[in-house]
Amino acid sequence: QVQLVESGGGLVQAGGSLRLSCAASGRTFSSSAMAWFRQAPGKEREFVAVINWIVTNTVYADSVKGRFTISRDNAKNTVYLQMNSLKPEDTAVYYCAADRQFFRSLSSDHRRPNEYEYWGQGTQVTVSS
């Protein structure tokens with residue numbers, strides 16, 4: 001059974017930091033791009049960041065660029081999202097996701113949720129002002 005399990009969410013004050021983790025099991029994802037998305041109440045799921053399978057390229061949403069860093073450890077089958085300088089507007093449920101294709105170079109397609117086959121259950125991040 002393939003699973004993605006996020007952890008590391010919580011309540012933090014504006015300006016603070018959190019590190020999210022996404023542990024995969026059931027198969028290796030070392031050949032897949034991995035991404036983070038988020039969804040705030042009443043809003044659509046939005047792209048946050050993606051990292052390619054070979055760990056040479058990353059893409060970020062403009063809203064998080066310079067504050068968030070995506071990384072991965074293929075040996076541990078885990079992807080991370082370091083979030084610094086958090087703002088109240090970052091409050092959302094954060095999801096990790098695995099690309100539905102293998103060995104794919106990053107493109108604008110990776111900003112779309114339907115390009116991902118596996119999803120975690122999400123972890124809540126709440127930033128207070």
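Count residues from 1 along the sequence.
Tyr116 and His110 have perpendicular rings, their planes meeting at more than 60° on a 0 to 90° scale where under 30° would count as parallel.
Taking 4.5 Å as the limit, some side-chain heavy atom of Val79 sits within range of a side-chain heavy atom of Ile51. Residues Lys87 and Arg67 meet the side-chain proximity criterion, which asks for heavy atoms closer than 4.5 Å. Proximity of Gln101 to Phe103: side-chain heavy atoms (C-beta onward) are nowhere separated by under 4.5 Å. Side chains of Thr58 and Val50 form no contact here, defined as non-hydrogen atoms less than 4.5 Å apart. Residues Ile70 and Tyr80 have side chains not in contact (no heavy-atom distance under 4.5 Å, counting atoms from C-beta outward). Looking at heavy atoms from C-beta onward, Leu20 lies out of side-chain contact with Gln82 at the 4.5 angstrom threshold. Looking only at side-chain heavy atoms (C-beta outward), Arg19 and Leu81 stay at 4.5 Å or farther from each other. The side-chain heavy atoms of Phe68 and Asp90, taken from C-beta on, include a pair separated by under 4.5 Å.
The distance from atom CD1 of Ile54 to atom CG of Leu106, rounded to the nearest 0.5 Å, is 11.5 Å. Distance NZ/Lys43 to CZ/Arg38: 8.5 Å, rounded to 0.5 Å. Note that OG of Ser32 is 9.0 Å distant from OH of Tyr118, once rounded to the nearest 0.5 Å. Here the CZ atom belonging to Arg45 is positioned 5.0 Å from the CD atom belonging to Gln39, to the nearest 0.5 angstrom. One finds the OG1 atom of Thr28 at 6.5 Å from the CG atom of Asn74 (value rounded to the nearest 0.5 Å). Considering OG of Ser21 and CD of Glu6, their distance stands at 10.0 Å, rounded to 0.5 Å.
You'll find the ring centres of Phe37 and Trp119 inside the 6.0 Å limit. In this structure, Trp36 has its ring center no closer than 6.0 Å to that of Tyr94.
Hydrophobic clustering (side-chain heavy atoms under 4.5 Å, transitive across Ile, Leu, Val, Met, Phe, Trp, Tyr) groups Val55 together with Leu4. Connection of Met34 to Val2 is established within a shared hydrophobic cluster, with ILVMFWY side chains joined at heavy-atom distances below 4.5 Å, either directly or through further cluster members.
Listed for the Asp109 side chain is no donor-acceptor partner under 3.5 Å among the backbone atoms of Glu115. Checking side-chain atoms of Asp73 against main-chain N and O of Thr78 turns up no donor-acceptor pair under 3.5 Å.
For the pair Arg112 and Phe47, the cation-pi criterion (under 6.0 Å, within 45° of the ring axis) is not fulfilled. With a 6.0 Å cutoff to the six-membered ring centre and a 45° limit on the axis angle, Arg104 does not count as a cation-pi contact of Phe102.
Listed by first then second residue, pairs satisfying side chain to side chain donor-acceptor pair (under 3.5 Å) with a partner in residues 7-17 read Ser17-Asn84, not counting sequence neighbours.
If you check the side chains of Thr126 and Gln124, you find a donor sitting under 3.5 Å from an acceptor.
Minimum heavy-atom separation, Leu86 to Leu18: CD1-N, 3.9 Å.
A salt bridge is absent between Arg111 and Glu46: the closest approach of a Lys/Arg side-chain nitrogen to an acidic carboxylate oxygen does not fall below 4.0 angstrom.
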